[in-house]
**Student:** 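First the structure, then my questions, so here it is.
Note that this is a predicted model, so its numbers are computed, not measured. Atoms within a ligand are numbered from 1 in the order they appear, just like the ligands themselves.
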Amino acid sequence: MRTLALLWDRPTARSTSYVIAATTTSDHRTGRPQPSVCLGNCRRQRARHSRFGQNAPMSVAIVMGSASDASIMDDAVQVLRTFGVAVEVRVISAHRTPDDAIEFARTASANGINVIIAAAGGAAHLAGVLAAATPLPVIGVPIALANLGGLDSLLAMVQMPTGVPVAVVAVNGARNAGLLAVRIMALSDERLASEQDRFRKELADQVRDQDAEIVARYND
Ligand code: RP5
């Protein structure tokens, strides 16, 4: 069974990284619960890991421009959880809290974040602003709003100037954003690399099962 709790908190100036989303879900392969999402203060958890001489766990920040983006971004949280990746979820706006956005991006790497996923709709500048202030890879998720169907968000996010890349996924493509983050981190994490191999095999198996069913249904 999967449960999701969203505990919103206002980002405070120079705050440590409060986790505002916590999920319990199961590993996509074993069904075992994953303990990796930190509840409370992610920075403290990462410090504890390094104190005990363990490798720092891979960690993704999911930043959204408004709490109204959360229902879409749940998919990214969920898929990262199934891969056992620590997830920190924040609401930071490029327009409403621009200083917080820059501060977050400037300190993300030092705070143990490996990849940033940024979601915004409309004048969707958040991913670009974060990418301008961090060397980390930034994945943008254009959110579809009521009026223009997400094309506005997509164009605002994807048309970055040369030299400051944002990897933009499809409109509302939160799950793929999570999976792309896993691919990036798997380059330097053997456990994630093998989990990803398994995941891709399962995906292929699902298609072959569909093929077998369709073949049986339509072919003599
Ligand atoms: C963007 O404006 C947010 O990312 C959201 O998608 C959109 C609308 O925000 P709200 O008016 O719902 O707060 O910055």
Side-chain angles (χ1 to χ4, degrees), residues 4-23 37 42 59-81 85-109 111 113-161 164-182 184:
L4 172 68
L6 287 176
L7 311 170
W8 301 112
D9 199 348
R10 276 185 193 284
T12 55
R14 300 181 185 282
S15 69
T16 50
S17 309
Y18 289 105
V19 165
I20 53 175
T23 63
V37 164
C42 282
S59 177
V60 171
I62 297 177
V63 184
M64 55 192 93
S66 168
S68 63
D69 301 325
S71 60
I72 298 297
M73 294 313 295
D74 275 357
D75 282 350
V77 177
Q78 297 284 358
V79 77
L80 286 162
R81 286 282 293 127
V85 172
V87 184
E88 179 180 344
V89 188
R90 298 285 302 270
V91 175
I92 304 175
S93 168
H95 305 119
R96 294 162 177 159
T97 54
D99 293 343
D100 292 358
I102 293 292
E103 173 72 7
F104 179 87
R106 283 204 176 125
T107 55
S109 180
N111 286 337
I113 301 295
N114 300 101
V115 178
I116 296 173
I117 296 174
H125 300 138
L126 179 61
V129 166
L130 296 179
T134 180
L136 294 174
V138 176
I139 302 170
V141 182
I143 302 291
L145 301 185
N147 288 330
L148 298 171
L151 184 59
D152 50 341
S153 320
L154 173 65
L155 296 179
M157 200 170 264
V158 80
Q159 292 289 59
M160 286 296 291
V164 188
V166 169
V168 181
V169 296
V171 172
N172 290 352
R175 183 173 166 82
N176 265 2
L179 290 171
L180 181 54
V182 168
I184 292 168

**Student:** Between L145 and ligand 1, which part of the residue brings a heavy atom under 4.0 Å of the ligand: side chain, backbone, both or neither?
**Tutor:**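 Under 4.0 Å from ligand 1, L145 contributes side-chain atoms alone.
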**Student:** Which of the atoms of ligand 1 are close to G121, meaning less than 4.0 Å from one of its heavy atoms?
**Tutor:** 1 (C), 2 (O), 3 (C), 4 (O), 5 (C), 6 (O), 7 (C)
**Student:** Just by distance, do the side chain of N114 and the backbone of S59 share a donor-acceptor pair under 3.5 Å?
**Tutor:**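 Answer holds: yes.
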**Student:** Any donor and acceptor pair, going by atom type alone, linking the side chain of T134 with main-chain N or O of L130 inside 3.5 Å?
**Tutor:** no
**Student:** Are any of the heavy atoms in R96 under 4.0 Å away from ligand 1?
**Tutor:** yes
**Student:** To check your reading of the model: name the closest protein heavy atom to atom 13 (O) of ligand 1, its residue, and the distance in Å.
**Tutor:**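 Here the closest protein heavy atom is S66 OG, 2.7 Å.
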**Student:** Are the side chain of S153 and the backbone of A144 linked by a donor-acceptor contact shorter than 3.5 Å?
**Tutor:**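 Judged by distance alone, no pair lies under 3.5 Å.
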**Student:** If you measure from atom 6 (O) of ligand 1 to every heavy atom of V63, D69, L126, which option wins on shortest distance?
**Tutor:** D69
**Student:** Write out the residue and atom name of the closest protein heavy atom to atom 12 (O) of ligand 1, then the distance separating them to 0.1 Å.
**Tutor:**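 The closest heavy atom on the protein side is S68 OG, 2.7 Å.
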**Student:** Quick one: are M73 and I117 in side-chain contact, heavy atoms under 4.5 Å?
**Tutor:**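 Side-chain contact under 4.5 Å: yes.
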**Student:** Hey, could you give me the CZ/OG1 distance between R90 and T97, rounded to the nearest 0.5 Å?
**Tutor:**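 R90 CZ to T97 OG1: 9.0 Å, rounded to 0.5 Å.
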